[in-house]
Amino acid sequence: MSAISPEEIAYAAAKLRGGDLVAFPTETVYGLGADATNDHAVASIFKAKGRPEFNPLIAHVVDRAAAERQAVFDQDATTLTEAYWPGPLTLVLPKRPDCTISMLALCGLDTVALRCPAAAVAQALLAEVDCPIAAPSANSSGRLSPTTAQHVANDLDGKVNFILDGGPCSIGVESTIVDLSVTPAVLLRPGAITREDIATIIDIRDGKGDAHVPKAPGQLLSHYAPHTPLRLNATGVDTDEALLAFGPSVLDGASVVHNLSPAGDLAEAAANLFAMLHALDDYGARAIAVTAIPDDGLGGAINDRLRRAAAR
Ligand code: TXA
Ligand code: MG
C-alpha cells in the first residue's frame with residue numbers, strides 16, 4: 001500500500017501535466033494537487049473542494065532553488081529554509097515579478113505561500129513533474145483534513161482524477177505557516193514546527209490576535225469541522241457521546257473511545273488526530289468529548305485544530 005512504483009509517480013505526473021487533479025501524500029496531510037501554473041487546473045481545485053475563491057493555495061516545490069524562482073528570498077527566508085526544508089514549514093513571501101504561479105492560486109495577492117514537503121512520494125512527484133504543484137489539503141472546504149488515501153476517496157469521490165496512496169501521513173497536522181512578507185514575521189498557522197522553534201532563528205510574533213482578518217483560512221474560526229459537535233476539555237463523558245482520549249487515564253462511560261496516545265506522546269497524538277476524528281465522526285454519536293491536551297510543543301497545533309473543529 002505505501003510502496004509506490006516509479007510507474008505510478010510517472011502516471012501521476014503525466015496526469016498533473018495534462019491539467020488533472022492528483023491527490024498525494026505529504027508528511028503532514030494529503031494534498032489535492034494541480035499544476036500551479038495552469039489556471040484551468042487550479043480552478044478545478046477550487047471546484048472540487050467547494051473552496052471560497054478568496055482563499056489562496058500553497059504551491060509545493062521540489063527545493064529552495066525552485067522556490068527562489070517564484071518568490072523573493074531575504075535572509076530570514078534563507079535561514080528558515082536551511083533549517084527546516086524539506087519539511088512541514090510553509091513560507092509566505094513576496095512573489096517575484098516573473099512568478100509563474102497562477103493568479104487564481106494566489107487569489108490576486110502579491111505574496112505566495114511556498115512549501116517543500118519532505119515525504120518521499122511528494123518529493124518524487126515534484127521531481128518528476130518539474131513544476132510547482134498547487135495543493136490545499138485534499139478535503140471538501142471546511143471539513144477534516146485527510147491523513148490517509150481512504151479519507152480522500154471518501155470525501156472527494158469522483159472529484160479527483162487519481163490518488164497516490166502512500167499510507168498514513170507521519171505528522172498528521174498541516175504545515176506551520178509563517179508570513180515573512182511583513183516585519184516582524186507572523187505565525188499564521190501553528191504546526192509541527194513550533195513558534196518557539198522558529199523564534200530561536202528569527203523574530204516572530206503570534207498571528208492569533210489577527211483572526212478577524214484571516215490571511216489564512218486556517219485562521220477562520222470554524223474550519224476542519226467534523227459533522228458531530230465537539231466538546232473540549234471534557235472531565236466526564238455521557239453514554240451517548242464518543243470520547244477522544246489522551247494519555248493513560250481514560251474517562252469511563254463513553255459509547256466508543258479512541259485514544260490519541262495512550263502513552264501521552266504529542267507527536268503520536270498529532271499523527272492520529274484527523275484519522276480518529278474521522279472515525280468518531282462516522283460513528284454518529286451525539287457529541288465527541290475530548291480530553292484536555294497539554295498545550296506545549298505539538299500540543300499547540302493539536303489544540304488549535306480542535307478549537308476550530310469545535311467552533312460552529
Ligand atoms: O500541510 C499543509 O500545508 C498541507 C499539505 C497538503 O501541504 N496543505 C494545506 O493547504 O494545508 P491548505 O490550502 O488547506 O492551507 C493553506 C493555507 C491556507 O490557510 C491559506 O489561506 C494560506 O495557506 N495561504 C496560502 N497563500 C497565502 C498567502 N499568500 N498569504 C497568506 N496565507 C496564505
Ligand atoms: Mg485545509
Side-chain angles (χ1 to χ4, degrees), residues 21-34 36 42 45-46 48-61 70-72 84-95 99 101-119 121-123 125-126 132-147 151-152 155-156 164 166 169-182 185-193 207 210-211 213-225 270 274 301 304-305 308-309:
L21 295 184
V22 172
F24 64 98
T26 78
E27 67 276 28
T28 58
V29 300
Y30 274 70
L32 181 62
V42 170
I45 293 182
F46 288 107
K49 281 188 65 101
R51 182 169 182 137
E53 306 234 339
F54 50 78
N55 287 348
L57 305 176
I58 294 176
H60 296 70
V61 289
Q70 305 295 343
V72 182
Y84 290 115
W85 275 14
L89 175 69
T90 297
L91 296 182
V92 174
L93 295 165
K95 68 170 194 174
C99 173
I101 294 166
S102 156
M103 281 303 284
L104 192 57
L106 306 181
C107 291
L109 296 173
D110 51 13
T111 53
V112 53
L114 293 168
R115 158 152 145 76
C116 176
V121 174
Q123 274 287 326
L125 183 63
L126 283 160
I133 300 177
S137 50
N139 53 278
S140 306
S141 190
R143 306 318 310 189
L144 291 170
S145 292
T147 54
H151 292 155
V152 181
D155 188 351
L156 294 177
L164 273 171
C169 302
S170 62
I171 293 178
V173 292
E174 302 84 348
S175 61
T176 303
I177 305 182
V178 175
D179 187 351
L180 288 180
S181 71
V182 291
V186 174
L187 179 71
L188 292 180
R189 183 172 71 184
I193 297 166
D210 303 352
V213 270
K215 269 190 114 178
Q219 290 187 297
L220 293 172
L221 199 54
S222 175
H223 200 65
Y224 316 109
F274 287 122
D304 171 76
R305 305 310 190 272
R308 295 176 201 289

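Order of appearance sets the numbers: ligands from 1, and atoms from 1 within every ligand. Sequence positions, counted from 1, serve as the residue numbers for this chain.
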Exercise for review: Find all atoms of ligand 1 within a distance of less than 4.0 Å from any non-hydrogen atom belonging to S137, and give their numbers and elements.
Suggested key: 8 (N), 9 (C), 10 (O), 12 (P), 14 (O)

Review point. By number and element, which atoms of ligand 1 are closer than 4.0 Å to a non-hydrogen atom of S175?
Key: 1 (O), 2 (C), 3 (O)

**Study point:** Test of proximity, Y30 against ligand 1: N or O pairs below 3.5 Å
**Key:** no

Check your understanding: Residues in side-chain contact (heavy atoms from CB on, under 4.5 Å) with P117, at least two apart?
Key -> T26, E27, H60, R115, A122, L126

Exercise for review: Please work out whether any backbone atom (N, CA, C, O) or any side-chain heavy atom from C-beta onward of D179 is under 4.0 Å from ligand 1, and answer side chain, backbone, both or neither.
Suggested key: neither

Practice item. Examine the proximity of ligand 1 to I177 and report which part, side chain or backbone, both or neither, has a heavy atom under 4.0 Å away. Key: side chain

Check your understanding: Going by distance only, is there an N or O of H60 that falls short of 3.5 Å from an N or O of ligand 1?
Key -> yes

Exercise for review: Just jot down the ligand 1 atoms closer than 4.0 angstrom to any heavy atom of A113, in number order.
Suggested key: 25 (C), 26 (N), 27 (C)

Check your understanding: Looking only at distance, does E174 have an N or O less than 3.5 Å from an N or O of ligand 1?
Key -> no

Exercise for review: Between A135 and ligand 1, find which residue part has any heavy-atom pair under 4.0 Å and reply side chain, backbone, both or neither.
Suggested key: backbone

Check your understanding: Which bit of N55 gets closer than 4.0 Å to ligand 1, counting heavy atoms only: side chain, backbone, both or neither?
Key -> neither

**Study point:** Atoms of ligand 1 close to R189 [distance to a heavy atom under 4.0 angstrom, numbered from 1]
**Key:** 2 (C), 3 (O), 9 (C), 11 (O), 15 (O)

Practice item. Would you please say whether a donor-acceptor pair under 3.5 Å links the side chains of E174 and S145? Key: yes

Practice item. List for me each residue that meets side-chain contact (heavy atoms from CB on, under 4.5 Å) alongside C116, sequence neighbours excluded, and say none if there are none. Key: V61, W85, P86, Q123

**Study point:** Residue G31 vicinity, atoms of ligand 1 by number, heavy atom under 4.0 Å
**Key:** 6 (C)

Practice item. State whether a side-chain donor-acceptor pair under 3.5 Å links S175 with T90. Key: yes

Review point. Do any N/O atoms on K49 end up under 3.5 angstrom from N/O atoms on ligand 1?
Key: no

Practice item. Please step through side chain to side chain contact (heavy atoms under 4.5 Å, CB included) for the pair M103 and K95, ending with a clear verdict. Key: CA-CA 11 Å; M103 281 303 284; K95 68 170 194 174; 3.3 Å; yes

Review point. Is the closest heavy-atom distance from I58 to ligand 1 below 4.0 Å?
Key: yes

Check your understanding: From S137, does some N, O or S atom reach closer than 2.8 Å to the Mg ion (ligand 2)?
Key -> yes

